[in-house]
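Here is the structure we will look at.
Hydrogens, waters and symmetry mates are skipped; everything else that's a heavy atom, side chains included, is used.
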Amino acid sequence: MSAALNHSELLERLFSKYWIRVLAVFAAYFVAGKIGLSSPFTRDNVSPVWPASGVALSAVLLFGYRMWPGITSAALLVNWGNLPHGAAVGLACGNTLAALTGAFLLRRLSDFSTALSRLRDVLGLIAYAALGSTMVSASIGITVLFAARTHPWAGASSAWLIYWLGDAMGILLVAPVLLTLPQLLRIGEWKRLAEFVMLLALLAMVCFVIFGDQTLIRVKLHVLAFAVVPFVLWAAIRFGVSGCAVATLLIAVIATGETALGFGPFAQDAPLTNAFLLHAYFGVLSLSGLALAAVIAEREDLQKEREELIRNQVLREARLQLAAIVESSIDAIVRMDMRGTITHWNNGAEQLCGYSAEEVIGKSIGLLMPPERSNDFAEIMQHLTKGQRIEHYETLHQRKDGTRVDVSLSVSPIFNTDGRVVGAAAIARDISGRKQAEEALRKAEKLSATGRLAAAIAHEINNPLETLNNLVYLLQDNESLDETGRQYLRLAQGELQRAAHVTKQMLGFYRHSIEPRAVNLADALNLILDLYSRQTASSHISIVKRYEGDNTIRAFPEEIHQVFANIVRNAIEAVPCGGTITLHVFAGHQWNNGLRSGSRVVIADTGPGIAPENRERVFEPFFTTKAENGTGLGLWVSSGIVQKHGGSIRVRSNTRDGQSGTIFNIFLPSG
Ligand code: ADP
Ligand code: MG
């Protein structure tokens, strides 16, 4: 296959050389000329069929006017010896000039295409070349011959007519075959090839029957000659202009030969009359066959054009739909060329970066890259030139207002039809939300690690603290101490208690009892209230209790005590003298999961409330508004314990005068 290709390539390259073409034209013309001269009824080099005129015209139409040396020299050689030298030169010039004139007229007047696939091409070939340009060769030829005292045929006018018709027939029969030869060679499919061969074989048979020795059919009527018409139509319909041209040429060759031998319907009159009749016959066959084939080809082209148009329309619609999708995408979709110049900018890009399409199209993509990421551009381009994709590359873009936005970037190279990278499509997705969530998670993780560390430290410190506390207590009773010493010791004990409190808070968060036990929430609250009864009494704080039903859950009792202690203590610290603390315990369900049953504890106070800006922060570790007196750990520890038990804690607060207060709402599942 490749060898064959190389072979044909080699031939093509060889044939593209000027002098080889000229040589080929010379050879073809010479052969055609010899055939023409040997054709019947030829007298003094005026032949009734001159195929060389078709060769000459085709050569000029296919390869250009520069082919004239091949034509002239071949024409000269054909006639050399048969005629006086001057006449031979004159005829050669006349023939060359006719071919050049024919090609010139066709190109200038009819926008001629050598494929002959339009009716206008066929009609142009007949009118301008076959009938028109041949007048030049006929006129020059007859003038030259008469000047050289060679008198073909009876008179000048009939000689001119024969000369003209001979050239015209040569063009009409031979030029279509040569011009459309490439189409004929393209019948590649063997089925079609077989059909074509069969067509020609049948046609040849019919021709021999009609034009040959009439032993089979003893009718000598011209009408019979039209029995070949169906074959010409067959060729025209199935094999186009080229097939039809070959079929007509075949008929012409057989008919001319048989007629010359004196057979067939065209061999009944004087030779000149026979020649005229044959010409008329070939003319009609060729004209109708070629015209039909051209019209069919034209219709097929039109059909193809229409299909192409429909395909284009469908494509255009698909493209429009795609464009609409790109336009409405929330992701930023940007197209750029290989210099990084932005050529397309969608709505998503406008939303993400703040630039409108008019502002950025034609500018460099580097505009979006913050200075600290200036290396990105070169790196991306490097990948693209290699035709590689970049997927989900996380980087920063700079918005029009200078702020940065986290994006995930995917860039794909765009190839042209030759497979070369001509640009890229970049899709950028805003991932700042995800980044924030990731950051929050990291923070939570850090917090939990800190908490664990704090608990470990607290555990270690707790025991020595306990010992210190005891030692200070014992020391206080020592008689040898004066009042100042005792004062210092009391201060030391206060501070030690504070330290013990902090370590206990921390431990509470992470200390695990071995197993949860039944804890009655009302009892637990009462226990805490007892602990703080002195403070509440001295501040005239009234306690309102509403315990509904039996609220026993499975939990770690020390931890539950710690939660209640923290919240009640905060309430006592918050309410002014004469305030109220309300405790409400009842059966309830999880807020976000109605199936989860348990108990709800609501602890409300009439204190000043928590300022709105602090409400979010009260559960953060070390957040306190009590300066030296607070640790900021109570609520953090409490919420950790509640969450560990699978419950939840919420706070609502009001700071408006007269109705201020804070409500802690705790849900604890039954177990
Ligand atoms: P601390 O009590 O050591 O400050 P907490 O974690 O117990 O630490 O409380 C954090 C902060 O929450 C307190 O400093 C206070 O500002 C606020 N807070 C807690 N409970 C109440 C309450 N019942 N009324 C008003 N503010 C409160
Ligand atoms: Mg507290």
Side-chain angles (χ1 to χ4, degrees), residues 308-444 612-613 616:
E308 180 77 19
L309 222 77
I310 292 171
R311 238 196 325 273
N312 279 347
Q313 179 71 21
V314 170
L315 264 176
R316 199 174 314 132
E317 268 169 28
R319 219 173 284 152
L320 279 176
Q321 278 173 6
L322 194 70
I325 293 171
V326 166
E327 228 17 78
S328 60
S329 163
I330 52 163
D331 287 339
I333 302 180
V334 179
R335 241 197 92 146
M336 58 177 185
D337 62 18
M338 283 314 278
R339 287 191 309 264
T341 308
I342 297 169
T343 56
H344 185 90
W345 185 257
N346 80 336
N347 251 330
E350 193 171 331
Q351 302 287 329
L352 185 74
C353 302
Y355 292 102
S356 69
E358 294 81 50
E359 284 174 308
V360 289
I361 285 182
K363 300 232 172 88
S364 168
I365 195 91
L367 189 72
L368 308 177
M369 317 233 169
E372 67 268 25
R373 291 289 191 142
S374 55
N375 289 343
D376 279 6
F377 183 65
E379 207 170 302
I380 289 172
M381 281 304 171
Q382 205 179 354
H383 272 87
L384 285 178
T385 39
K386 286 188 213 148
Q388 292 168 341
R389 265 177 70 88
I390 295 156
E391 275 177 69
H392 309 303
Y393 174 65
E394 292 191 0
T395 180
L396 281 175
H397 271 3
Q398 182 163 313
R399 291 204 183 93
K400 189 182 176 185
D401 60 13
T403 55
R404 309 280 195 270
V405 57
D406 286 298
V407 292
S408 162
L409 193 64
S410 293
V411 189
S412 316
I414 297 173
F415 299 95
N416 68 2
T417 42
D418 310 337
R420 227 162 35 85
V421 183
V422 288
I427 302 179
R429 174 167 290 184
D430 182 352
I431 53 163
S432 45
R434 204 190 81 203
K435 284 268 159 183
Q436 275 162 16
E438 276 174 12
E439 183 60 35
L441 216 75
R442 254 200 303 280
K443 220 158 135 186
E613 66 272 20
E616 294 276 300

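- With hydrogens and angles ignored, the 3.5 Å screen pairs a side-chain donor or acceptor of Ser410 with a backbone N or O of His392.
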Residue pair Arg404, His397: steps toward the side-chain contact (heavy atoms from CB on, under 4.5 Å) verdict: CA-CA 6 Å; Arg404 309 280 195 270; His397 271 3; over 6 Å; no

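- Between Arg420 and Asp418 there is no salt bridge, since no side-chain nitrogen of the basic residue lies less than 4.0 Å from a carboxylate oxygen of the acidic one.
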Criterion side-chain contact (heavy atoms from CB on, under 4.5 Å) on Val326 and Arg335, from CA distance to verdict: CA-CA 11 Å; Val326 166; Arg335 241 197 92 146; over 6 Å; no

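- Applying the side chain to side chain contact (heavy atoms under 4.5 Å, CB included) test between Met369 and each of Asn375, Leu396, Thr395, Asp376 identifies Asp376 as the sole match.
- Contact detail for Asp430 and Val405: the closest heavy-atom pair is OD1-CG2, 3.6 Å.
- Checked by atom type and distance alone, the side chain of Thr403 never pairs as donor or acceptor with a backbone atom of Arg399 at under 3.5 Å.
- You'll find the side chain of Tyr393 stays beyond 4.5 Å of the side chain of Val411, heavy atoms only.
- Contact of the Met381 side chain with the Leu384 side chain is registered, since non-hydrogen atoms from C-beta on lie closer than 4.5 Å.
- Closest non-hydrogen pair, Asp337 versus Thr343, comes out as N-CG2, 4.3 Å.
- At least one side-chain heavy atom of Glu327 sits under 4.5 Å from a side-chain heavy atom of His344.
- Two residues are said to be in side-chain contact when any heavy atoms from C-beta on lie closer than 4.5 Å; Glu394 and Asp406 fail this criterion.
- Put simply, the side chain of Val334 does not reach to within 4.5 Å of the side chain of Val360, judged on heavy atoms.
- For the residue pair Asp331 / Ser329, no side-chain donor-acceptor distance below 3.5 Å is found, with atom types taken as modelled.
- Between Tyr355 and Glu350, the shortest heavy-atom distance links the atoms O-CG, 3.1 Å.
- Under the 4.5 Å side-chain criterion, counting only non-hydrogen atoms from C-beta, Ile330 is not in contact with Gln351.
- Between Arg389 and Ser412, the shortest heavy-atom contact is NH1-OG, 2.6 Å.
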